[in-house]
Amino acid sequence: MEKHALLLVLALALGIATGRAEALPDSLVSIDNVYEYTFADPARAEAILDALRDRQRQPDADLDRAEGDFYFNTGRYYHALDNYARLLENKTILDDDTLHMETLHRMISCYDGLHRVGRQTHYVRLLLAEAERCGNEAMQSVALFNMGKILYNQGLKDEGYRDMQQAIDIMEQSDYIYKYDNLRYNYNVLVIFLEEDQRYEEELRVLDRLEAIATASTGDEQYDMQLLDDKALKSVYAHRAVALNRLGRTGEAEAAYQRFLKIADMFSRDNYLIMPYLFDLHRYDDIIRMNRRREQAYRKTGDTISYHMRTIKRSLAHAYWAKGDWRTAAGLYADLASITDSIKEREQQSAAVELAAVYDLHEKNQRIMEQEAALKRRTLLALSLTAGSLLLGVLLVVAWVSRHRIGERNEALVAKVDDLMQAESLLQAERAARAELEDKLARMPHPAPAPPATGTDADARRQENRALFLRMDAEVREHELYIDPDFGRDQLTRLAGVDKNRLAEIIRENTSSHLSDYLNNIRVAHAIGVMRHNAHYALHAVASESGFGNMTTFTNAFKRYTGLTPAQYRKAKLGKTDA
């Protein structure tokens, strides 16, 4: 009996290690187990997903949902979006208001993770409108909380807090099946914002509620995720230690810290949460000891280029700097800069790989369509030659010459657009680099004094305008704020921290254009990228994806920027004529 059990364990381990779905026993292959092992054993959860796909015992919608959730929870947002997008096209989802709203919620979470505020805002509005139409308070809560986050991050903190608190109140009173998952997330976000704004008494009240949720055995969730409550408790103890200490309640703070230490080895990557407490108490040796231990663990696994390692290096550098060990601190700051650059480069490559995987099927379909179009053209030419009609032949030749000349003009314009896009890409890289450099200088522990100002007051104002523009432009592009059709002057003035007259001056000096042209040019550049990567998109979808409120504005802006209409550009560049 023991021999057979051992063989079963070995077979199971081999199946998970090699990814062979057939090695998993039926008792393990279920959607419930995907969720159960997502955090505790991601490799097993992924193997179960593979087995579910291979055995085809579940509806496609259920599998897409489970697979999307797994990718989302493991940080692979592009893959998750692909699954969720398929859900939004599934008739089962479209016919069920609740399932449709839950899928919109998932899309919002993905775009939040990708920091694509424009797309996140778009789906928040869709969800809020549908929730109000259906009278679904749980989904209204989800939409309101995300809207609150967006408002907070755009500087409208009071409005943000109001919407987030209203959302939490609604969720607390609901009987939503994912009620406690949502509340865990909501309270964690609120705690971070309150701590950042030094509202410690409010933070403590929120932490009490979060701890109550994490320690309660609700049994209400549809899918249980192992260790999720322990992860929440670790966050509670760390944030409580920080808040209590800053309120002068040092004994209670130390008690919270001791509770944190008891589970410090669990989810050790979250140990950064306790660093503010240790820095406040000048416990630099404890900071160094805790982070050196984590650093060694990551080195053993070869994981030396990651956000976790970047957090470790930052804490170590600050600790050594505070201790007066300038040489060690300088080396760590250099390591930190190197890791940051490597992460950025790797993320760009990873995003390209993930996007290539996501759109691979679309590209294959496009090639098939191109082959079919070429066959039709050859067939039409053969028919015209065999018809023997001189008039038809002449008309065909005239039409061909006319199209050929137009085509040559359009191809020249497309080449010009390509050059323009390449120059724009280089310009944006330079702007981003300058903005990042200024940000790094501002964040240095002891920045060097600024050089004395030179030149006239007008020169100083232009330099200040340039710096404000670089920061504003980087924020607009990085977070794709322009994708929101309603994004405009009011949001930009808040972003730049200036009035509307100064904003107009800043944009005019740095772009030689007006506000609407500045935003529309960015949107057109985005639209060109959308068309290149999504050849199957209809033009109205390209316009919507790029932040244009209607086709007229899209067409006019596109032609002003490129010299071509969107349809002409796509035909000349991609050989696609349908809109």
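All of these numbers come straight from a predicted model, not from anything done at the bench. The chain is numbered in sequence order, starting from 1.
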- Task: Report the C-alpha separation of H239 and V206 in whole Å, then their side-chain angles, then the decisive distance to 0.1 Å, and conclude whether the side-chain contact (heavy atoms from CB on, under 4.5 Å) test is met.
- Result: CA-CA 11 Å; H239 286 296; V206 174; over 6 Å; no
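- Atom CD1 of I168 is separated from atom CG of L183 by 7.0 Å, given to the nearest 0.5 angstrom.
- Minimum interatomic distance between N291 and S315 (heavy atoms only, all atoms of both residues): ND2-CB, 3.7 Å.
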Identify every side-chain donor-acceptor pair in residues 122-130 under 3.5 Å, counting partners at least two apart or on other chains, and give the distances.
unit_1: R125; atom_1: NH1; unit_2: D484; atom_2: OD1; d: 2.9
unit_1: R125; atom_1: NH1; unit_2: D486; atom_2: OD2; d: 3.1
unit_1: E130; atom_1: OE1; unit_2: H100; atom_2: ND1; d: 2.9
unit_1: E130; atom_1: OE2; unit_2: H100; atom_2: ND1; d: 3.1

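- L481 has its side chain out of reach of Q491: every pair of non-hydrogen atoms, C-beta onward, lies at least 4.5 Å apart.
- Interatomic distance, F145 CZ to N186 CG, rounded to the nearest 0.5 Å: 4.0 Å.
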Next item on the list: Kindly indicate, with the supporting measurements, whether the criterion side-chain contact (heavy atoms from CB on, under 4.5 Å) is fulfilled by N510 and D473.
Entry: CA-CA 10 Å; N510 289 278; D473 186 65; over 6 Å; no
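- Within the structure, salt bridge (charged side-chain N to carboxylate O under 4.0 Å, His left out) contacts touching residues 507-524 (residues at least two apart or in different chains) are D517-R560.
- Between F548 and N520, the shortest heavy-atom distance links the atoms CE2-OD1, 3.5 Å.
- Q165 and D169 are linked by a side-chain donor-acceptor pair at a separation below 3.5 angstrom, with hydrogens and angles left out of the test.
- At least one side-chain heavy atom of N188 sits less than 4.5 Å from a side-chain heavy atom of S235.
- You'll find the side chain of Y518 reaches within 4.5 Å of the side chain of V476, heavy atoms only.
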Under the side-chain contact (heavy atoms from CB on, under 4.5 Å) criterion, do N83 and F70 qualify, and how do the steps go?
CA-CA 10 Å; N83 283 276; F70 172 76; over 6 Å; no
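- Every residue meeting the salt bridge (Lys or Arg N to Asp or Glu O under 4.0 Å) condition with E464, not counting sequence neighbours, appears here in chain and number order: R502.
- In this structure the side chain of K234 never reaches within 4.5 angstrom of the side chain of L273, judged on heavy atoms.
- A donor-acceptor contact shorter than 3.5 Å links the side chain of T493 to the backbone of R489.
- What you find for A496 and M472 is that their closest heavy atoms are CB-SD, 4.0 Å.
- Between the CE atom of M164 and the NZ atom of K149 there is a distance of 9.0 Å, given to the nearest 0.5 Å.
- For E480, the salt bridge (Lys or Arg N to Asp or Glu O under 4.0 Å) partners two or more places apart in sequence, or in a different chain, are R116.
- The side-chain contact (heavy atoms from CB on, under 4.5 Å) check on A80 picks up Y71, F72, Y84, C110, with sequence neighbours excluded.
- Listed by chain and residue number, T98, L99, R106, M139, Y176, Y178 satisfy the side-chain contact (heavy atoms from CB on, under 4.5 Å) test with E102 (two or more places apart in sequence, or in another chain).
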message: Would V524 and Y569 count as a side-chain contact (heavy atoms from CB on, under 4.5 Å) here? Give the steps.
response: CA-CA 12 Å; V524 169; Y569 173 81; over 6 Å; no
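- In this structure K157 satisfies the salt bridge (Lys or Arg N to Asp or Glu O under 4.0 Å) test together with D197, sequence neighbours excluded.
- With sequence neighbours excluded, the residues satisfying ring-ring contact (aromatic ring centres under 6.0 Å, His included) with F193 are Y152.
- Between P276 and V242, the closest heavy-atom pair is CB-CG2, 4.0 Å.
- Residues satisfying the ring-ring contact (aromatic ring centres under 6.0 Å, His included) test with Y482, not counting sequence neighbours, are H526.
- Judged as a salt bridge (charged side-chain N to carboxylate O under 4.0 Å, His left out), the pairs with a partner in residues 311-322 (not counting sequence neighbours) are, in order, E295-K313, K313-D335.
- For the atom pair CZ (R570) and CZ (F558), the distance works out to 10.0 Å, reported to the nearest 0.5 Å.
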Quick one: do H318 and Y333 satisfy ring-ring contact (aromatic ring centres under 6.0 Å, His included)? Show the steps, please.
CA-CA 9 Å; H318 291 350; Y333 280 125; 5.7 Å; yes
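- For V530 against E545, the heavy-atom pair with the smallest separation is CG2-CG, 3.8 Å.
- Scored by the salt bridge (Lys or Arg N to Asp or Glu O under 4.0 Å) test, D97 finds R133 as partners (sequence neighbours excluded).
- Residues passing the side-chain contact (heavy atoms from CB on, under 4.5 Å) test with S141, sequence neighbours excluded: A167, I170, M171.
- Put simply, the side chain of N90 never gets that close to the backbone of R86: no donor and acceptor are under 3.5 Å apart.
- Between L144 atom CG and E132 atom CD the span is 7.5 Å, to the nearest 0.5 Å.
- The nearest pair of heavy atoms linking L88 to L94 is O-CD2, 3.1 Å.
- Considering CZ of F279 and CD1 of I287, their distance stands at 4.0 Å, rounded to 0.5 Å.
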